2 protein chains.
Amino acid sequence: MPQTPTDQPPTELTPAQLEAYFAFTEVSSLLRHAVEKQLRDAGDLSYVQFQLLARLGDAPGGWRRMTDLADGVVYSRSGLTYQAQLLEQRGLVTRSPSPDDERSTVVALTDEGRAVLATVFPGHIDALRRLLFSTLSSDDVDDLARILGGAASHLRANPPRSAAPRRRAPRA
Amino acid sequence: MPQTPTDQPPTELTPAQLEAYFAFTEVSSLLRHAVEKQLRDAGDLSYVQFQLLARLGDAPGGWRRMTDLADGVVYSRSGLTYQAQLLEQRGLVTRSPSPDDERSTVVALTDEGRAVLATVFPGHIDALRRLLFSTLSSDDVDDLARILGGAASHLRANPPRSAAPRRRAPRA
DNA sequence: TATTGTTATACTCTATAACTATA
DNA sequence: TATAGTTATAGAGTATAACAATA
């Protein structure tokens, strides 16, 4: 009874799957730590703050609505308000009401914000190259982009936050 | 490794590298959130706590020294002490002085800890299969394991924490 | 009524520094 | 002196709920 050809998904992953998963989590964790350190040292930015600035830098006009930023990065509006306040206090972004919709707040990159981004970016790129890409052939990079790109699409389509919000069980 | 494709490291990544990086960070973030939710719902465990229990479950005898756990997971001893206290209060681990070295504390999985692990694991595996592996061919999995395994080794050899601890610049 | 964003608040987690004790 | 671990403490970050304003 080696295996039923079946219906029930096995409760184990294949060795290759396990290996891939462990490698993924390890790279993820180590890379994240290294990148966070670089961002902190080079521009006194947390990873989330860098992501916010980078998204603004990418956006046409250098601005986005709060909600759009929150959806991409922080997962809660109040969390984004907190981060936006920090960035605004440092003069890296401005917040202003949207002319289109008075409810919306438009977050825009300032010149100084763009300058900080420019300061931090080379080191960021350099860290990525040094820590990640220096070991990968260009075929490897293509494979990664293809495989993880597909996985990202799939994950995006199965949003982790869709389930009903639930209180944690009170402690026994 | 073949070669570095350039003499001067460019200040840009190739489009494929960027794509791979973005896909990687996106998968990492979405997967992490989904897994954290599953662990929370199924066993009221944070990701770190799950990692600690899983490492103990993997260890021969079901125990490890505090420092060995800290090195693998938490990056600071006090952080591990905090987490170990929480797990001990819940009866999932015990802490006791090592007979070999009186300075060391041995953290051991209890039966209840093992039970929680057993409760949480199937859902964990299932989430991984559903969110990640369902979209990947077995060649993809092999590629991922190979590519990321190599990257993980490289990252491990360039520990992000090796640099001298440095104070953040005081606010202007 | 639904959506956008802020505020108040509480909580989790993490790290640094000082400390104790063992090797 | 170096190592293992704990404690005290402070800070960053996050989320929930209540709220105000606009659509």
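Only this structure's heavy atoms are used, side chains among them; waters, hydrogens and symmetry mates stay out. Proteins come first, then strands; the chains are lettered A, B, ... in the order of their sequence lines, and each starts at number 1. Being a predicted model, the structure only gives us computed values, none of them experimental.
- At whole-Å resolution of the value, CZ in A:Arg40 and P in C:dA15 are 12 Å apart.
- Under the 3.5 Å distance criterion, with hydrogens and angles disregarded, no donor-acceptor pair is assigned to the side chains of A:Ser98 and A:Ser104.
- Residue A:Asp44 contributes atom CG, which lies 12 Å from atom C1' of D:dA12 at whole-angstrom precision.
- Closest contact between the side chain of A:Leu86 and the listed nucleotides D:dG13, C:dA23, C:dC13 involves D:dG13.
- Using a 4.5 Å heavy-atom cutoff, the side chains of B:Val27 and A:Phe24 are in contact.
- Put simply, CG on A:Leu39 is 12 Å from P on D:dG13, counting in whole angstrom units.
- Per the geometry, CG belonging to B:Leu52 stands 15 Å off C1' belonging to C:dT12, to the nearest Å.
- In this structure, B:Leu87 atom CG and C:dT12 atom P are separated by 14 Å, rounded to whole Å.
- Residues A:Met66 and B:Asp101 each lie close to DNA chain C; by heavy-atom proximity, the contact nearer the 5' end of the strand is made by A:Met66.
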Compile the donor-acceptor pairs under 3.5 Å between side chains in residues 45-58 of chain A and protein atoms, sequence neighbours left out, one pair per line.
{"from": "A:Ser46", "atom 1": "OG", "to": "A:Gln49", "atom 2": "N", "distance (Å)": "3.2"}
{"from": "A:Gln49", "atom 1": "OE1", "to": "A:Ser46", "atom 2": "N", "distance (Å)": "3.0"}
{"from": "A:Gln49", "atom 1": "NE2", "to": "A:Gln83", "atom 2": "OE1", "distance (Å)": "3.0"}

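- Summarising the geometry, the separation between CG on A:Leu80 and P on C:dT3 is reported as 19 Å, rounded to the nearest angstrom.
- In this structure, A:Ser46 reaches the sugar-phosphate backbone alone: every heavy-atom distance under 4.0 Å involves primed, P, OP1 or OP2 atoms, never a base.
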Tabulate protein N/O versus nucleotide N/O from nucleotides 7-10 of chain D, keeping only pairs under 3.5 Å, one per line.
{"from": "D:dT7", "atom 1": "OP2", "to": "B:Gln85", "atom 2": "NE2", "distance (Å)": "2.8"}

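- Which of C:dT6, C:dA23, D:dG13 sits closest to the side chain of B:Arg103 comes down to C:dA23.
- Between B:Leu131 and the options B:Val35, B:Asp126, B:Leu31, a side-chain contact (heavy atoms from CB on, under 4.5 Å) holds for only B:Leu31.
- Among the heavy atoms of the strands, none lies under 4.0 Å from B:Leu69.
- Between D:dG5, C:dT4, C:dT16, one nucleotide has an atom nearer to the side chain of A:Arg65 than all others, and that is C:dT4.
- Per the geometry, CG belonging to B:Asp68 stands 13 Å off C1' belonging to D:dG5, to the nearest Å.
- Taking the side chain as every heavy atom from C-beta outward, A:Thr81 and A:Arg95 approach each other to under 4.5 Å.
- The phosphate of D:dA12 has neither OP1 nor OP2 within less than 4.0 Å of any side-chain N or O from A:Gln83.
- In this structure, A:Glu26 pairs ionically with B:Arg156, as a charged nitrogen and a carboxylate oxygen lie closer than 4.0 Å.
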Before giving the answer on side chain to side chain contact (heavy atoms under 4.5 Å, CB included), spell out for B:Leu86 and B:Leu92 the whole-Å C-alpha distance, their side-chain angles and the decisive distance to 0.1 Å. CA-CA 9 Å; B:Leu86 294 183; B:Leu92 308 185; over 6 Å; no

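- Whole-Å rounding puts the B:Arg64 CZ to D:dA4 P distance at 16 Å.
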